Amino acid sequence: MTPILVTGGTGTLGRAVVAELTARGHDVRVLSRRTGTDLVTGRGLGEALRGADTVLHLATTLRGRRDVVATRNLVDAAPDVGHLLFVSIAGIDRIPLGYYRGKLAAERLVAQRPHTVLRTTQFHDLIRTLLAGAAKLPIMPVPAVRAQPIDVRDVATLLADLAAGAPRGRVPDVGGPETKSLRELADDYLRAVGERSPMVSLSFPGKVFRGYREGAHLVPGNPAGTITFTEYLAS
Ligand SMILES: NC(=O)c1ccc[n+]([C@@H]2O[C@H](COP(=O)([O-])OP(=O)(O)OC[C@H]3O[C@@H](n4cnc5c(N)ncnc54)[C@H](OP(=O)(O)O)[C@@H]3O)[C@@H](O)[C@H]2O)c1
């Protein structure tokens, strides 16, 4: 069986994707620094790619520029890859964040190979991490924006379905089943962890915040996720 390579297979999304592909009977190979390959330096890349025809590129260094270098190294090292799948973020062309500029550049690099690009909204895990950090402060600061978080298990199912088919280029963006204000999500979080906290609503000047306030990161037309934030917190 030809192995499917998952870059970032040790990450939040990567672990869910590896579990989903394994459950479907695929031979899955994980690429990360922990498994001996560094996408930024290229160390171990040739060996990791050997024999893999389908590659799911989920690794991120959390720095836009380094993500571009990592993606360029991957694309260059895989001239004959049959299907390169890339997970990206909804709204990256409408919110001028440095990390998003890197994602856009990485999307263009991925497009040099037979590819599928799936843009999603924020993962539940990210929203929970942000809210947990904010909840540690005496007054919980909550940006006055909405979010449509999606569960990585839902994204993993979609990616596994896409990996089973032919390259499709950019497919429709997907988001979670509910769109709520961050304040409502903060209420959900506090209820789930059994805490109470006063909240303060925050607004910021600038194009980045305006993009979020206007909902450029939301996918109202395609709420493909099934697991709500409350269900995620309960699990
Ligand atoms: N988080 C969100 O809300 C969200 C929303 C939409 C799309 N996405 C996208 O989904 C993807 C996965 O995000 P995530 O939150 O699951 O990320 P994550 O948990 O931070 O995982 C990052 C993964 O990348 C690997 N990695 C980091 N640097 C590397 C390097 N130099 N070489 C090889 N591997 C490296 C890490 O493994 P090691 O540390 O072992 O190297 C880890 O497996 C990213 O492309 C992200 O932009 C995220």
Side-chain angles (χ1 to χ4, degrees), residues 5-20 28-49 55-78 84-95 97-107 109-110 115-133 145 147-156 158-159 162 170-176 182 185 212 216-219 222 224-225 227 229 232:
L5 181 67
V6 182
T7 84
T10 55
T12 306
L13 174 61
R15 288 192 300 273
V17 168
V18 169
E20 180 66 28
V28 183
R29 187 185 294 163
V30 170
L31 182 163
S32 92
R33 289 168 299 184
R34 255 172 284 172
T35 62
T37 303
D38 189 327
L39 282 171
V40 175
T41 64
R43 172 176 58 93
L45 192 45
E47 180 63 25
L49 280 162
V55 176
L56 285 93
H57 181 32
L58 315 179
T60 181
T61 66
L62 301 179
R63 298 242 180 102
R65 281 207 197 126
R66 272 204 273 164
D67 268 7
V68 178
V69 172
T71 304
R72 184 178 296 121
N73 286 341
L74 178 68
V75 168
D76 288 351
L84 178 56
L85 294 99
F86 183 59
V87 67
S88 191
I89 306 172
I92 52 172
D93 41 2
R94 293 175 59 203
I95 300 176
L97 207 59
Y99 181 69
Y100 286 5
R101 274 193 282 275
K103 293 297 287 188
L104 270 178
E107 283 187 1
L109 289 165
V110 165
H115 67 283
T116 301
V117 171
L118 175 69
R119 289 186 185 177
T120 84
T121 55
Q122 285 62 48
F123 302 156
H124 289 321
D125 309 74
L126 177 66
I127 301 292
R128 179 182 49 85
T129 302
L130 294 175
L131 294 174
V145 297
Q148 188 186 354
I150 190 165
D151 197 281
V152 289
R153 290 164 288 183
D154 284 328
V155 180
L158 293 165
L159 286 172
L162 290 167
R170 169 119 178 256
V171 293
D173 302 355
V174 295
L182 269 191
L185 292 165
Y212 284 112
H217 60 304
L218 305 176
V219 185
N222 200 15
I227 302 165
F229 188 58
Y232 155 82

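One-based numbering, in listed order, for ligands and for the atoms of each. Computed from a predicted model, the values in this text were never measured in an experiment.
The closest donor-acceptor contact from the side chain of Arg43 to the backbone of Gly36 lies under 3.5 Å. When atom types are taken as modelled, the side chain of Gln148 and the backbone of Val219 share a donor-acceptor pair closer than 3.5 angstrom. Proximity of a side-chain donor or acceptor of Thr7 to a complementary backbone N or O of Ala59 within less than 3.5 Å is detected. Here the side chain of Thr116 pairs no donor or acceptor atom with the backbone of Leu85 at under 3.5 angstrom. Panel note: side chain Asp173, backbone Ala90; no donor-acceptor pair is recorded below 3.5 Å. With hydrogens and angles disregarded, no donor-acceptor distance shorter than 3.5 Å links the side chain of Arg29 to the backbone of Leu5.
The N/O atoms of Gly8, backbone and side chain alike, include one that comes under 3.5 Å of an N/O atom in ligand 1. When only interatomic distances are considered, the shortest N/O to N/O separation between Ile89 and ligand 1 does not fall below 3.5 Å. Ligand 1 has an N or O atom lying under 3.5 Å from an N or O atom of Arg34, backbone or side chain. Checking only distances, Gln122 never comes within under 3.5 Å of ligand 1, N or O to N or O. Considering both main-chain and side-chain atoms, Gly11 comes within under 3.5 Å of ligand 1 through a nitrogen or oxygen pair.
At a threshold of 4.5 Å between non-hydrogen side-chain atoms, the residues Phe86 and His115 do not count as touching. Side-chain contact between Leu158 and Val174: present, with at least one pair of heavy atoms (C-beta onward) separated by less than 4.5 Å.
Residue-ligand proximity, Val40 to ligand 1, at heavy-atom distances under 4.0 Å covers atoms 31 (N). Less than 4.0 angstrom separates some heavy atom of Thr37 from each of these atoms of ligand 1: 32 (N), 33 (C). Of all atoms in ligand 1, listed by their number and element, those nearer than 4.0 Å to a heavy atom of Thr120 are 5 (C), 6 (C), 7 (C). Near Thr61, with a cut-off below 4.0 Å to any heavy atom, the atoms of ligand 1 are 28 (N). For ligand 1, the atoms closer than 4.0 angstrom to any heavy atom of Asp38 are 30 (C), 31 (N), 32 (N).
Protein heavy atom in closest approach to atom 39 (O) of ligand 1: Arg33 NH2, 2.9 Å. Atom 16 (O) of ligand 1 has Leu13 N, 2.8 Å as its closest protein atom, hydrogens excluded (heavy atom only). At the top of the distance list for atom 10 (O) of ligand 1, counting protein heavy atoms only, stands Val87 CG1, 3.3 Å. If you check which protein heavy atom lies closest to atom 22 (C) of ligand 1, you get Thr60 O, 3.6 Å. Looking only at protein heavy atoms, the nearest one to atom 32 (N) of ligand 1 is Leu39 N, 2.9 Å.
One distance of note links CG of Leu39 with NE2 of His57; it measures 6.0 Å at 0.5 Å rounding. Atom CG of Asp154 sits about 7.0 Å away from atom NE2 of His124, to the nearest 0.5 Å. With rounding to the nearest 0.5 Å, the separation of OG1 in Thr37 from CG in Leu45 is 6.5 Å.
If you check the side chains of Thr60 and Asp67, you find a donor sitting under 3.5 Å from an acceptor.
Neither the backbone nor the side chain of Ala90 has a heavy atom within less than 4.0 Å of ligand 1. At a heavy-atom distance under 4.0 Å, only backbone atoms of Thr121 (N, CA, C or O) approach ligand 1. Looking at Lys103 against ligand 1, only its side chain comes within 4.0 Å, counting heavy atoms. Heavy atoms of Leu126 found under 4.0 angstrom from ligand 1 belong exclusively to the side chain. Of the heavy atoms in Thr7, none comes closer than 4.0 Å to ligand 1.
Looking at Pro149, Ser88, Gly9 and measuring to atom 7 (C) of ligand 1, the nearest heavy atom belongs to Ser88. Among Gly42, Ser32, Gly36, the residue whose heavy atom sits closest to atom 40 (O) of ligand 1 is Ser32. Taking each of Thr35, Thr10, Leu62 in turn, the one with a heavy atom nearest to atom 36 (C) of ligand 1 proves to be Thr10. Of the candidates Ile127, Val174, Leu58, it is Leu58 that places a heavy atom closest to atom 11 (C) of ligand 1. Of the options Phe86, Tyr100, Tyr99, Phe123, the smallest heavy-atom separation from atom 48 (C) of ligand 1 is shown by Phe123.
The pair Asp93-Lys103 does not count as a salt bridge, with every side-chain nitrogen at least 4.0 angstrom from each carboxylate oxygen. Ion pair Arg153/Glu20 not flagged as a salt bridge, since none of the NZ, NE, NH1 or NH2 atoms sits closer than 4.0 Å to an Asp/Glu carboxylate oxygen.
Taking the six-membered ring where the residue is Trp, His217 and Tyr212 present perpendicular rings, their angle passing 60° and hence far from 30°.
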